[in-house]
Protein chains: 2
Amino acid sequence: MSQFQTIKRTLQDQIESGLLTAGCKLPAERKLAELFDTTRITLREALVLLESEGVIYREERRGWFVSPPRLDYNPAERSHFHEMVRQQGRQPDTRLLDCQTLAANTEISRLLQLPALSRVHRVQRLRRIDQRPVLYVEHYLNPAPFPDILQHNLNGSLTEIYQQHYGVGYGRLRLQIYPTALTGEAAAALNVAQGSHGLLIIRVNYDQENRILDCDYEYWRHDAVCLLVDTAEF
Amino acid sequence: MSQFQTIKRTLQDQIESGLLTAGCKLPAERKLAELFDTTRITLREALVLLESEGVIYREERRGWFVSPPRLDYNPAERSHFHEMVRQQGRQPDTRLLDCQTLAANTEISRLLQLPALSRVHRVQRLRRIDQRPVLYVEHYLNPAPFPDILQHNLNGSLTEIYQQHYGVGYGRLRLQIYPTALTGEAAAALNVAQGSHGLLIIRVNYDQENRILDCDYEYWRHDAVCLLVDTAEF
DNA sequence: TTGTTCTTTTGGACTAGACCACATATTCAT
DNA sequence: ATGAATATGTGGTCTAGTCCAAAAGAACAA
């Protein structure tokens, strides 16, 4: 049993004993290294183990904190993100980061079944739970079925905009889900280091006539979400 | 741009150029540190970034290797793991690690809707693709509907055993999916370090009469799988 | 009291090793 | 030629710092 495994266990026991609750800050690395009579690098290895398990998370130059519970997230549920979060006793908010119309890359052309280099709208949003950024999304829409969609208030639910302004509801849903590292804009938006662990959910949403509505790239913090899928709902 | 980010990019370019293909071994850490004129710790930070992105993986005391492609895995598909893997041009194998009858813990009692501390069978298996361990599974079965199930050949498909010997087919499926760290037996079975990144899929399988068949804990290497879910199949 | 400046604190990044435990290759003995 | 013993190679772990960049807190000025 290595030293950092032992330290990790001690810290984990402290956290699980309830002395440190979600959002609590851990002592500084230098202080912990002193307490455990070891070097900072070794101490950090222990912290990284706990981070991997989703027990704690880091904020750059601010410290290490006890993680809140994961959000139970049913990707097939069409209720609004905010409603889902509130039902779990948490406080949601959403920020519109950017809207652009750009040429779709190969993958997005394929997902939306459009010719290569088609013009598509991209809507970038950041979702937070209890003021903590947890989800960075890029929505890609074919402009043709949705004239002037970018003029709407895109802070809210795209679902509602589709229904109320374009008379469109959801049908089929296709998902690809895999663990990945958060890089580029996703890492920056979520305020995590390049290369931090994440979960990517790529969605293709269809309407009731089985036409493609949009595709979304959802970059989640690895410690923030638990997906729930139940075939009885379909 | 930090030094290790620069090194990571250079290594990634090399790998993506096709010079190094899946399964190829990278030069040793000490050699790479020398090539990049840096220390081993800094060089390792670069390697860890690539590992996080699933580009490379490590084998303890053996070196770093270029990762093979992810398996496309539809959790709702009832075909056998081996068939699914072969259809993707890969070579599967399965090892039965252990069978035991033990008292179910609180979570498993809840998932199987059994009284606390009920006796359940636990079947532990390891799945490999092209000789690389990718999935460690713990199946938990209620013994009552399946007399003598442990006498069967549990290297193969549980699905087939249910159908051929007990006349039972699948119905509903419930999943919980989240990124986690691989610890304990999962890490050991997959031959990865304690705390390595993984994806946990907890399944509850029902039969056609909506009775619970079993629950499974699937611990996947984080870089080995891409889940596909399509509501049109349900 | 509020805003600005300075100081301290914090994690991020990096150096230069050392020793450990296991895997692999090489050498030696039969 | 084969098996055992030895040497080398590899990542794992750890020490003892150093300097950097940004956040937070404290002190000072208006």
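Throughout, protein chains are lettered first and strands after them, A, B, ... in sequence-line order, and every chain is numbered starting at 1.
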Quick one: salt bridge (charged side-chain N to carboxylate O under 4.0 Å, His left out) partners of A:Glu59, sequence neighbours excluded?
A:Arg62
Salt bridge (charged side-chain N to carboxylate O under 4.0 Å, His left out) involving A:Asp98 - partner list, sequence neighbours excluded
none
With sequence neighbours excluded, residues passing side-chain contact (heavy atoms from CB on, under 4.5 Å) with B:Ile161:
B:Ile149, B:His152, B:Leu154, B:Leu158, B:His165, B:Tyr166
All salt bridge (charged side-chain N to carboxylate O under 4.0 Å, His left out) counterparts of B:Arg125, not counting sequence neighbours
none
DNA chain D: 5'-most and 3'-most nucleotides touching chain A, 4.0 angstrom heavy-atom criterion
D:dT13 to D:dA24
Any side chain to side chain donor-acceptor pair (under 3.5 Å) involving residues 25-35 of chain A? Give me the pairs, sequence neighbours left out, ordered by first then second residue.
A:Glu29-A:Arg40, A:Glu29-A:Arg44, A:Glu29-A:Trp64
Set of residues satisfying side-chain contact (heavy atoms from CB on, under 4.5 Å) with respect to B:Arg95, sequence neighbours excluded:
B:Leu97, B:Leu126
Under the ring-ring contact (aromatic ring centres under 6.0 Å, His included) test, which residues partner B:Tyr73, sequence neighbours left out?
B:Trp220
Per-nucleotide protein contact string for nucleotides 8-14 of chain C (B base, S sugar-phosphate only, - none; heavy atom under 4.0 Å):
--BBBBB
Taking only residues two or more places apart in sequence, or in another chain, which ones meet A:Phe65 in a ring-ring contact (aromatic ring centres under 6.0 Å, His included)?
A:Tyr57
Restricting to salt bridge (charged side-chain N to carboxylate O under 4.0 Å, His left out), what partner residues turn up for A:Asp72, sequence neighbours left out?
none
Taking five pairs at each terminus, the helix from C:dT1-D:dA30 to C:dT30-D:dA1 shows an axis bend, to 10°, of 0°
Return yes when atom CG of A:Asp37 has more than 12 non-hydrogen atoms of other residues, nucleotides or ligands closer than 6.0 Å, and no otherwise.
no
